[in-house]
Amino acid sequence: MINYKHLHYFWVVAKEGSITRAAERLGVAIQTISGQLGLLERQLGKTLFNSQGRGLVLSDAGRKALSYADQIFQLGEQLEEAMQNASEENTLRLRVGISDGIPKLLAYRLLSRVTAMPGDVRLICDEGEFENLLAELALHRLDVVLTDRAAPQGGNLKVFSTRLGEFPTGIYASAALAGQYRDNFPACLEQAPMLLPTRHNALRGRIDRWLEEYRVHPKVVGEFEDSALLTTFGRGGLGLFPAPLILAEQLSGEYDAHAIGELEGVNEHIYAISNERRIRHPAIEVLCNIPAQAGAATTL
């Protein structure tokens with residue numbers, strides 16, 4: 001059988017990129033790690049690392065071994081957590097991945113349905129890029145992913161998308177800019193400073209088409225992958241910015257940012273992606289039934 005201490009040393013070296021940094025992290029001698037890596041390679045019959053300058057890079061066999069080691073030590077962490085929380089058997093956990101591109105205030109509104117469930121509910125939230133979150137979902141490290149697009153069809157990923165709703169989008173501005181650009185919308189957007197999502201975000205294409213249709217040409221002063229960062233710069237007055245109209249009251253009260261007009265026909269689409277076609281996790285079931293419960297997305 002594989003010596004899991006040797007495998008753990010290999011895993012840490014792979015993450016750190018060098019034996020020296022791995023030794024510092026683990027608090028052991030460099031020679032200890034080198035010796036045990038050698039034993040692991042002999043046992044597996046494969047070279048796991050190649051030298052590159054002063055560092056190490058994974059070989060083909062090393063990359064394959066790392067993917068298995070990731071899963072093994074992830075399961076180890078879950079086992080430890082399960083044992084530590086054995087006294088909390090009645091706590092319902094939902095591990096959620098939240099895509100960079102969706103508004104975090106909107107994610108909060110959606111997930112508040114889950115936290116309002118009877119009994120003890122614990123949310124474990126992670127944020128990241130769409131593709132990375134899908135990979136985590138496929139490895140069952142997440143229960144559900146909230147994102148701005150449906151999962152791609154075909155391929156090896158067996159995941160399923162549920163549309164939670166469409167949320168009309170408006171243009172917002174800080175208090176200082178709102179007075180300057182509120183009148184004569186959308187003509188007022190001509191050469192106005194504008195903050196937009198990057199083109200990786202599905203909403204960006206809809207906004208670009210809307211601007212073309214109305215023949216207005218704002219001055220794009222910033223593009224952001226992360227919607228929370230976009231909102232932060234927007235509330236600071238760097239430029240006008242898009243956000244769901246459902247958040248108008250919250251953005252006004254908490255961020256002193258005000259809607260100056262609606263991007264008619266431009267909606268923020270939100271999807272829940274899970275591993276199950278027939279949902280069995282009670283919290284995901286509540287989340288995916290939001291449109292039916294709410295009647296319309298704008299009533300959330």
Side-chain angles (χ1 to χ4, degrees), residues 97-110 127-135 137 144-155 157 159-173 177 181 185-235 238-248 251 257 259-274 290-291 296-298 300:
I98 302 174
S99 176
D100 285 337
I102 69 171
K104 302 307 175 289
L105 291 175
L106 188 53
Y108 165 75
R109 287 212 178 195
L110 294 168
E127 183 184 7
E129 296 181 0
F130 177 73
E131 292 79 7
N132 293 339
L133 293 177
L134 284 191
L137 180 68
V144 66
V145 171
L146 295 183
T147 183
D148 61 348
R149 73 200 79 170
Q153 298 295 316
L157 286 178
V159 294
F160 305 95
S161 304
T162 302
R163 189 166 69 177
L164 301 184
E166 296 183 11
F167 302 86
T169 301
I171 293 294
Y172 290 77
L177 288 179
Y181 291 101
F185 187 89
C188 64
L189 299 180
E190 184 68 29
Q191 289 304 300
M194 182 78 76
L195 309 176
L196 292 175
T198 65
R199 298 187 187 280
H200 294 116
N201 189 304
L203 183 66
R204 174 62 182 273
R206 301 183 195 114
I207 294 174
D208 285 345
R209 288 190 292 273
W210 186 92
L211 293 171
E212 283 184 24
E213 180 182 350
Y214 284 87
R215 298 182 180 180
V216 290
H217 309 87
K219 181 181 180 182
V220 179
V221 296
E223 297 181 77
F224 299 84
E225 191 80 28
D226 179 25
S227 65
L229 195 58
L230 185 153
T231 302
T232 298
F233 276 77
R235 68 181 286 202
L238 182 63
L240 313 181
F241 63 99
L245 288 172
I246 193 175
L247 301 177
L251 287 170
I260 64 170
E262 179 179 355
L263 300 179
E264 189 174 348
V266 176
N267 295 327
E268 182 93 50
H269 298 182
I270 304 296
Y271 292 85
I273 304 176
S274 67
I290 282 176
T298 53
L300 275 174

Sequence-distant partners of A259, side-chain contact (heavy atoms from CB on, under 4.5 Å), two or more places apart: Y172, L245
Indicate the atoms forming the closest heavy-atom contact of R235 with F241, along with that distance. N-CE2, 4.1 Å
Side chains of residues 223-234: which donor-acceptor pairs under 3.5 Å do they make with residues two or more places apart or in other chains?
residue : atom : partner : partner atom : Å
E223    : OE1  : R204    : NH1          : 2.7
E225    : OE1  : T198    : OG1          : 3.0
E225    : OE1  : H200    : ND1          : 3.2
D226    : OD1  : K104    : NZ           : 3.3
D226    : OD1  : A228    : N            : 3.4
S227    : OG   : I102    : O            : 2.6
S227    : OG   : K104    : NZ           : 3.1
T231    : OG1  : S227    : O            : 3.1
T232    : OG1  : A228    : O            : 2.9

Non-hydrogen side-chain atoms of D148 and L203 separated by less than 4.5 Å: no
Would you say I171 and P242 make side-chain contact, with heavy atoms under 4.5 Å? yes
Please report the C-alpha distance between T147 and L133 in whole Å, then the side-chain angles of each, then the deciding distance to 0.1 Å, and finally whether the side-chain contact (heavy atoms from CB on, under 4.5 Å) criterion is met. CA-CA 9 Å; T147 183; L133 293 177; over 6 Å; no
Kindly list each side-chain donor-acceptor pair under 3.5 angstrom involving residues 262-269, sequence neighbours excluded, with atom names and distances?
residue : atom : partner : partner atom : Å
N267    : ND2  : E166    : OE1          : 3.1
H269    : ND1  : R206    : NH2          : 3.3

I246 CD1 to T169 OG1 distance, which is reported to the nearest 0.5 Å: 11.0 Å
Derivation of the side-chain contact (heavy atoms from CB on, under 4.5 Å) call for I260 and L177: CA-CA 10 Å; I260 64 170; L177 288 179; over 6 Å; no
Of all heavy-atom pairs between P244 and F167, which one has the smallest distance, and what is that distance? CB-CB, 4.2 Å
Does the side chain of P218 reach to within under 4.5 Å of the side chain of L211, using non-hydrogen atoms? yes
To the nearest 0.5 Å, how far apart are CG in L146 and CD in E127? 11.5 Å
Looking only at non-hydrogen atoms, find the nearest pair between L134 and P152 and report the distance. CD1-CD, 3.9 Å
To check you understand the geometry: which heavy-atom pair defines the closest contact between S161 and A151, and what is its length? OG-N, 2.8 Å
Closest non-hydrogen atoms of I270 and L110, given as atom of the first, atom of the second and distance, are CG2-CD1, 3.6 Å
Just list the side-chain donor-acceptor pairs under 3.5 Å for residues 185-196, sequence neighbours left out, or say none.
residue : atom : partner : partner atom : Å
E190    : OE1  : H217    : N            : 3.0
E190    : OE1  : H217    : ND1          : 3.4
Q191    : NE2  : H217    : O            : 3.1

Do you know the tightest heavy-atom contact between I98 and A107? CG2-CB, 4.2 Å
Could you list the residues that satisfy salt bridge (charged side-chain N to carboxylate O under 4.0 Å, His left out) with R215, not counting sequence neighbours? none
